[in-house]
Amino acid sequence: MLSLHNINAFYGPIQALFDVSLEVRQGEIVCLLGGNASGKSTTMKTILGLVKPRGGQVVLDGEDITSLATPQRVRRGLASVPEARRIFPRMTVRENLLMGAYTRRDKAIGDDLARVLDLFPRLKERLGQSGGTLSGGEQQMLALGRALMSRPRLICMDEPSMGLAPKLVQQSFELIQQVNAQGVTIFVVEQNAQVALSIAHRGYVLQNGAMALSGPAQELLHNPDIRRVYLGEVAA
Amino acid sequence: MAFLEINGLSKSFGGLRAVDNVSLSVEEGELVSLIGPNGAGKTTVFNLVTGIYPPSAGRVALDRQDITGLPTAQVAARGVARTFQQGRVFAGLSVADNVRVGAHVHLDAQRPGAGLVARLGPVGRVVAPWLRLPWEAALAVVQPPRVQGEETRLAEETRSILGIFGERLTPRWEDPALSLSYANRRRVEIARALALQPRLLLLDEPCAGMNPAETRELQDLIALIRREFGLTILLIEHKLDLVMQLSDRVIVLDHGAKIAEGTPAQVRHDPLVVEAYLGRAA
Amino acid sequence: MLDQVINGLVLGNIYVLLAVGMALIFSVANLVNFSKGSVFMIGAYVGWALISQLGWPLWAALLAAALGCGLLGVLIERVALRPLEGAPPIAPLLSTVAVAFILDNLGLLLFKPETRAFNAPLPTWRLAVGGVNVGLLDILIALISLGCIGGLYLFLYHTRLGSGVRAAAQDRDAALQMGVDVDQARSLVFGIASALAGIAGTLLGIYYNSVNPAMGFSAGLKGLIAALLGGITSLPAALVGGLLLGQIESLATAYIGLSYRNLAAFLVLVLILALRPEGLLGRAAQRGYEVTTGVFFSVGKPRRVPRSVLVGVVLAAVLLPLIPNSDYVVQVLFIGLVYALLALGLNLVAGAGQVSLGQAGLFAIGAYGSALLTAKAGLPFWIALPASAILAAILGVALAYPALRLRGNYLAIATLGLAEIVTQTILNWEGLTNGPLGLFGIPAPRLGGLLFVGARPYYYLALVLVAVSAWTLTRLGRSQLGRTLGAIREDELAAETYGIETGQYKALAFGLGAAVAAVGGALFAHSSTYISPDIFTPAISVLVLTMVILGGLGSVPGVVASAVLLIALPEVARPVADARWLLYGVLLLLLVRFRPQGLLGREPKQSLSRGQTNVGVKSPEPGLGTQPEFAGTQGK
C-alpha cells in the first residue's frame with residue numbers, strides 16, 4: 001500500500017536518512033523503531049511530504065507521490081497523528097475532530113463523528129472544551145479520532161507514546177489495535193519498542209539514519225540486537 | 001561539597017514538569033554524563049544551570065557558591081562554558097573571532113571595570129555601565145599598547161586552542177563560521193568553550209549529526225581536552241557507546257526526574273533504564 | 001465628555017477594522033504588515049473616486065473598495081512575501097515596508113499631495129439623546145464595522161475554509177496534515193485584511209470629509225498600535241485594542257489638545273511594548289531558547305575596498321568643489337554626506353543585529369539640539385555640535401531603553417514609534433521649539449575669522465566628519481567591541497552564555513549610533529538655517545535603512561557610498577526625480593528579495609544558511625512578545 005524506496009533525506013548539510021526502504025501492506029500495523037536521532041521522525045515527515053527527499057521514491061497505492069504536497073497526500077487517504085499530537089489548542093474538541101474531515105465534501109461526516117465519539121466516550125463528554133485544556137491521554141484520543149475523521153485508509157502515527165504515562169501508553173496502543181481491526185492500515189513510528197512490537201505485525205529498526213533490522217514483530221521482540229541498537233555496544 | 005551541586009532542581013513550563021526535583025553533583029575533574037530519552041529534561045537542566053531559565057525550585061551551587069538564578073552572563077563569568085545542541089556558532093563571525101568571543105570574560109585591558117560591575121549594588125549596576133562602556137569604546141578606537149598586547153595574546157591563545165583540532169580548523173581560521181561543515185561547527189563550539197578557560201564545561205550532544213568516524217574523533221578529543229585542561233565536564237549525549245567509554249558516572253533522566261545513577265556498567269543494566277529506553281513490555 | 005466617548009467609539013471602530021487585519025496576518029503569517037496603511041489609503045481614494053466623483057451609492061463604493069483592496073492584498077502577498085519564505089524574519093517585514101513606500105508614493109504621484117474634499121451625499125441629521133449628539137454617519141460607521149467583524153467571525157468560526165485558516169494560525173504543520181492548503185489560507189487572509197483596510201479607508205475619508213495620500217501612514221500605525229494594545233493574536237483582542245485606542249485618542253484631544261492626539265497614541269505604543277509586549281489580552285511567551293540568529297541579514301565579512309580606490313575617491317571628493325559652477329553638485333553631495341552620517345549611525349546599530357526604523361528621530365534631535373544650543377543658548381557651533389551628539393546619545397539610550405528587550409519586528413515598530421514621539425514632542429513643545437512653525441535663523445558656524453557661506457564650507461566640514469566617523473567606526477568594528485557586537489547580532493543567547501551583557505552592549509551601540517546620526521542632523525540644521533518638525537518624516541528612516549542594506553551591512557565604505565549614490569542619482573536622472581521616493585521603495589523591495597547582502601556584501605561560499613542548522617524546527621519570531629497562535633505544542 002505504502003512503500004519507500006531508497007530514501008535519502010537531508011536537514012541542511014546533515015544527511016538524516018541513508019537509502020531507507022520500507023513497505024506497509026494493506027491491513028497491517030507496521031512499526032518503525034529507533035533510538036533518539038535515529039531518523040524516525042524524518043522518515044515520517046518524508047512520508048507526509050513535510051520533508052522533501054533528495055533521492056528515492058514514496059509510493060502510495062502504486063502512485064509515485066514523492067513530489068506531492070501534504071494536503072494532496074491527505075486527499076489520497078493518508079491521515080496522520082503528528083508527534084506530540086499537535087491538537088489545535090484554541091479549537092474545541094468538536095472543531096478539532098471536524099478538522100480531520102477538512103478534505104471531505106460528503107454528507108456522512110456527521111455519522112462518522114458519532115462513530116468516533118462512540119469509540120472515545122471521553123471525548124463526547126468534552127466536546128465543547130478547547131483542545132489545549134485536555135490531558136495528555138485525552139489529546140491522544142482526540143488526535144486519533146481526528147485522523148479517523150478523514151476516513152483514511154492509512155494512518156501514520158508519530159511517537160504516540162511520547163509524554164504519556166505508562167498506563168496511558170498501554171491504552172492508546174490498545175486503541176490503535178481497535179482501529180486496525182476496523183480495516184485501517186497503520187504505520188507507527190515509536191521509540192518504545194516493547195509496546196509497539198507487542199501490537200505490530202511487522203517492524204523496522206533504524207539506526208543513525210539507516211535501516212538496521214527488520215522482520216516480523218514477534219521475532220524482533222526477542223532479537224537481542226535490538227537492545228544493542230538502542231543502548232550501544234557493550235564496551236569490551 | 002562537590003564542585004557542582006544541584007539540589008532539588010525543578011522547572012515547569014505551563015503544566016509540564018520539564019525537570020522534576022533533580023539532585024546531582026559533579027566532583028572536580030569528573031566527567032559525568034546525563035542521558036535519557038528525548039524530552040527527558042536534559043537540556044533544560046543545562047538551561048537552568050546557566051541561568052537561561054530561572055528554576056521553579058531548587059538550588060545550584062558552583063564551588064560552594066550559590067549561582068541559582070544568576071544572569072546568564074554572570075554564570076559565564078564564574079567559569080561555566082557550554083555548547084549547544086544545535087551548534088550555535090556565531091555564523092557571520094570568523095572561526096578565530098568565534099573563539100575569541102569565548103574569551104570575552106577574560107578581557108581585562110579592553111573591558112576595564114567589567115568584573116567590578118557585577119559586585120556593585122543595584123544603583124551602581126545601573127550607573128556604572130554608563131561610565132564604563134564609553135571608556136571601553138574609546139579603548140577600542142584608540143587601541144593603546146595594553147589593549148593591543150591583550151589582543152595579541154588572545155590571538156596566540158586562539159591559535160593554540162584551534163591547534164588542538166589538528167588541521168580541521170586552523171586552515172579555516174579566517175573563514176566565517178557559516179561556511180563550515182556541520183561537524184566543524186561543533187568543533188568551533190568546543191574551541192569557543194575552551195577559550196573561556198572553563199572550570200565547568202557543559203557539552204550538549206556534541207556528536208549530534210556526526211558520522212561514526214567523526215564521533216570517534218570527537219570522543220578522543222573530549223578525552224584529550226579533559227586530560228590537558230583538567231576539566232570538569234557534564235555531558236549530554238545520545239550516542240551511548242561514547243557515553244559509556246568516557247564517563248566516570250552516568251545519570252539517567254526520564255520524564256524530568258532522575259531514575260538512575262552509577263557507573264556506566266551499573267546504569268546500562270539497570271532495569272529502569274532499559275525500560276526508559278526500550279519501553280515497558282506490554 | 002459623552003460626545004468625546006462617541007467620537008472615540010467611531011474612531012475606535014475604524015481602528016478595529018485595521019487591527020483585526022493586522023492580527024489575522026500576524027497569526028497566520030507571523031508577520032507585522034507595514035503595508036496595511038497604504039492599502040487603507042488606496043481604499044480611501046477608491047471610495048472618494050466612486051462616491052465623490054462618480055456618484056456611486058455608498059454600499060457599492062464600499063464593496064468596490066473592499067474588492068479592489070482585497071485583490072491588492074493578495075497581490076502583495078504573492079509578489080512581496082511568498083518568495084521570502086525561509087528568509088530571516090526581518091526580510092518580510094522590510095518587504096512590507098517597501099510595499100508601503102511604493103504604494104504611498106504611487107499615491108502621491110497619482111493623486112497629488114493635496115487634500116481633497118470627500119463629500120458623501122448622506123443625510124446629515126443628528127440624534128440628540130440626553131445631551132449626547134449622535135450623527136447618522138457615526139451610527140453607520142459603527143454598524144458597518146461591527147458588520148464586518150461579525151461577518152469575519154461567521155467566516156472564521158462557521159465555514160470550512162475559515163476553520164482551515166484558524167488551524168493554519170494555530171499549528172501550521174498540523175493544518176497541512178489535515179489537508180489545509182496553508183498557502184491558500186495565507187493569500188486569503190491577506191485578501192480579507194486588505195479588504196477590511198479598504199473599507200476602513202473609505203469610512204475614515206467620509207468621516208473626516210477628506211482624503212490625502214499621507215493618511216495611510218498614520219492609519220496603518222494606529223491599526224498596529226491598536227492590535228498590539230489588545231494583544232496581536234485574536235479577534236476580541238483587536239476589538240478591545242481598537243476601541244480603547246479610539247477612546248485614548250479622543251480623550252487626549254479633548255483634554256490636552258488636538259495636536260497631542262498622535263503623541264498619546266505613540267506613547268501607548270511604546271508603553272505597551274515596554275511593559276506588556278504580549279498586549280492586554282495576550283499571553284506572555286516563555287523566553288525563547290530557539291536560535292535567535294538571522295534576525296538581520298548577515299553573510300560574513302563584506303568585501304574590502306582597496307586602499308587605492310579609497311584614496312582616489314577621497315581625493316576626488318576634495319577636489320570636486322574647485323570645479324567652477326559646481327555649486328549645485330556640491331549641495332547635493334553635502335546632503336548625501338549628511339545621509340551618510342545617518343546611515344553610519346544605523347550601520348553600527350544594525351551591526352549588533354538591531355533593526356531600527358527610528359533614524360529620523362535622531363536626525364531631529366541632532367538638528368534641534370544644535371540649533372537650539374546656538375540660536376537660543378548662544379553657544380558657538382563648535383561646542384553645540386559635540387553637545388548635541390552627546391545629548392542624542394543620552395536620549396538615544398534612554399529612549400531605546402524600553403526597546404532593548406525587544407527583537408526583530410517588535411524592535412522595528414518600537415523605534416518607529418520612538419522617532420514619532422520625538423517629532424511629536426518637538427511639534428508640541430512650542431515654548432522651546434517654536435512648534436510647527438519651525439526654527440528660523442539658525443546661525444552659521446564661524447571658523448577663525450571665516451563665516452560659513454554657501455554650500456562649500458559645509459561640504460568640506462561634512463566630508464571631514466564623515467571621514468572621522470568612518471575611520472572611528474572601522475577601528476571599532478575591527479576591535480574587541482566589533483566582535484562582541486557581532487556575536488550579539490548572530491546569536492544573543494549564545495553571546496550571553498559567553499558572558500556578554502547583551503543589554504549593555506546594545507545600549508552602547510544605540511548611543512554611539514545616535515551620536516553619529518545627530519552630527520548629521522546638526523550639519524543639516526546649520527546649513528539650511530531653518531528646520532521644522534515635518535522635515536523629519538518616517539520616510540527618512542526607511543531610506544536610511546535602505547542605504548545600510550544596499551551598502552552591505554557592516555561595510556563602512558559601502559554604506560557611505562550607497563548613501564551618497566541614493567541621494568545623488570535621482571538628481572542626475574532628472575526625469576525620474578519626481579518619482580525618487582517611489583524608486584527607493586522599489587529598490588528596497590528588490591534588495592530584500594535578490595541581494596540582501598548589499599552591494600559590497602559577499603555571498604556565502606556554501607549554501608549553509610543558519611536556518612537549517614536548527615534541525616527540523618521552524619522557529620517563530622524570536623524573542624519576547626506575544627506567543628504566536630501556532631507556536632508551541634500544548635500537548636507536550
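Naming convention: chains lettered A, B, ... in sequence-line order (proteins, then strands); numbering from 1 in each chain.
Looking only at side-chain heavy atoms (C-beta outward), C:Glu501 and B:Arg111 come within less than 4.5 Å of each other. B:Gln143 places none of its side-chain heavy atoms less than 4.5 Å from the side chain of C:Arg478. Using a 4.5 Å heavy-atom threshold, the side chains of C:Asp491 and B:Phe84 count as separate. Within the 4.5 Å cutoff, no side-chain heavy atoms of B:Val142 are placed close to those of C:Arg475. Looking at B:Glu150 and C:Gln480, their side chains never come closer than 4.5 Å, going by heavy atoms from C-beta outward. At least one side-chain heavy atom of C:Thr497 sits under 4.5 Å from a side-chain heavy atom of B:Ile52.
The environment of CH2 in B:Trp135 is sparse: at most 12 heavy-atom neighbours from other residues, nucleotides or ligands sit within 6.0 Å. Residue-environment remark: CZ (B:Arg146) stays at or below the threshold of 12 foreign heavy atoms within 6.0 Å.
Both the backbone and the side chain of B:Val141 come within contact range of chain C, judged by heavy atoms closer than 4.5 Å. With a 4.5 angstrom heavy-atom cutoff, B:Gln110 touches chain C via backbone and side-chain atoms both. Heavy atoms of B:Leu139 lying under 4.5 Å from chain C are absent altogether. There is no contact between B:Ala103 and chain C, counting heavy-atom distances below 4.5 Å. Contact annotation for B:Arg78: neither backbone nor side-chain heavy atoms come within less than 4.5 Å of a heavy atom of chain C. Contact of B:Leu133 with chain C is made through backbone and side chain together, with heavy-atom distances under 4.5 Å. For a residue to count as touching a neighbouring chain, one of its non-hydrogen atoms must lie under 4.5 Å from one of that chain's; by this rule C:Leu512 touches chain B with the side chain only. At a 4.5 Å heavy-atom cutoff, the contact between C:Ala495 and chain B is made by backbone and side-chain atoms alike.
When each of C:Ala487, C:Ser479, C:Ala393 is scored by its heavy-atom pairs under 4.5 Å with chain B, the top score falls to C:Ala487. Contacts with chain C were tallied for B:Ala81, B:Ala137, B:Ala77; B:Ala137 has the most, counting heavy-atom pairs under 4.5 Å. Heavy-atom pairs under 4.5 Å with chain B peak, among C:Leu473, C:Ile488, C:Thr474, C:Leu476, at C:Leu476.
Atom CD of C:Glu492 is separated from atom CZ of B:Phe90 by 10.5 Å, given to the nearest 0.5 angstrom. Atom-to-atom distance recorded for B:His104:NE2 and C:Thr484:OG1 is 5.0 Å, nearest 0.5 angstrom. Distance CZ/C:Arg489 to CG/B:Leu93: 6.0 Å, rounded to 0.5 Å.
Counting only distance, with no hydrogens or angles, the side chain of C:Tyr498 and the backbone of B:Arg82 share a donor-acceptor pair below 3.5 Å.
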